[in-house]
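Structure first, then comments.
All figures in this text were calculated on a predicted structure; none of them were measured in a lab. Reckoned from all heavy atoms, side chains included, excluding hydrogens, waters and symmetry mates.
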Amino acid sequence: MRKLKIKISAEKKKHLISFSIFFGIIFGLTVILVTFTLVSRNSWKAGLAMEMQHVLDSYGNGSAHYTVGKNIVLDSTLSTSAAVYSLLKKDDRKNGSYYGVIVRIPSILGPLPAVFVYNDVSGVFFAGYALDNGKASDAVDIRIENNVMNYWEKMIPTIISKAQVN
């Protein structure tokens, strides 16, 4: 067999090295970003669970007594703006499984993280927002239209059906 010899001019070599360095840097930055994303995933889920627990503790003057359990993976594109957690309700083990959903809902003030609780028997209810609005908290409650909340209350069972519940 004959070896194929390709002659590359010095200028083309220079361009090839420049492009290789450029794409090497792009590839390296992409690897770093993906690594940081994968490493921070668990702390992100833990932070969402903590915020959901805070909302559930303040819901109904603390009379509901929900405890946030493990994160449930969503098999949907909604996983970028929603998270599902199993819930345990104190003194109510016979009424099936409870799920907590934290989802970004649109409002006049921008997207707000809303917490919903779902149960097969009792349905869906809105528990509150997972943020402290300070002086604007009254405006947030008033500005969310009923049709937006009704839409999300109807969407929660669909979101739960796409969750990979064990």
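For the pair T67 and Q53, the minimum side-chain heavy-atom distance is below 4.5 Å. In this structure, V117 and L56 have side chains that are in contact, with non-hydrogen atoms separated by less than 4.5 Å. Looking only at side-chain heavy atoms (C-beta outward), M149 and I105 come within less than 4.5 Å of each other. In this structure the side chain of I159 reaches within 4.5 angstrom of the side chain of I156, judged on heavy atoms. By the 4.5 Å heavy-atom criterion applied to side chains, I72 and S86 are counted as neighbours. Put simply, the side chain of Y66 does not reach to within 4.5 Å of the side chain of M52, judged on heavy atoms. A heavy-atom distance below 4.5 Å is found between the side chains of M155 and W152. Side chains of V84 and I160 form a contact here, defined as non-hydrogen atoms less than 4.5 Å apart.
Here the straight-line distance linking atom CG of L16 with atom CD1 of I21 works out to 10.0 Å at 0.5 Å rounding. Atoms CG and OG1, on L74 and T80 in that order, are 9.5 Å from each other to the nearest 0.5 Å. To the nearest 0.5 Å, atom CG of residue N42 and atom CG of residue N71 are 9.0 Å apart.
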Check the pair V68, L87 against side-chain contact (heavy atoms from CB on, under 4.5 Å), reporting the backbone distance first and the verdict last.
CA-CA 5 Å; V68 177; L87 296 179; 3.8 Å; yes

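M50 is not connected to L112 by any chain of hydrophobic side-chain contacts under 4.5 Å among Ile, Leu, Val, Met, Phe, Trp and Tyr, and they are in different clusters.
Nearest heavy-atom pair across P106 and V148 is O-CG1, 3.9 Å. Across every non-hydrogen atom of V55 and A130, the tightest pair is CG2-CA, 3.6 Å. Shown here for A114 and F126, the closest heavy-atom pair between the two residues is CB-CE1, 3.6 Å.
Between Y98 and Y118, the ring center distance fails the sub-6.0 Å criterion.
Between the side chain of Y85 and the backbone N or O of I102 there is no donor-acceptor pair closer than 3.5 Å. The backbone N or O of S97 sits less than 3.5 Å from a side-chain atom of N119, completing a donor-acceptor pair.
For NZ of K14, the number of neighbouring non-hydrogen atoms (other residues, nucleotides, ligands) closer than 6.0 Å is 12 at most.
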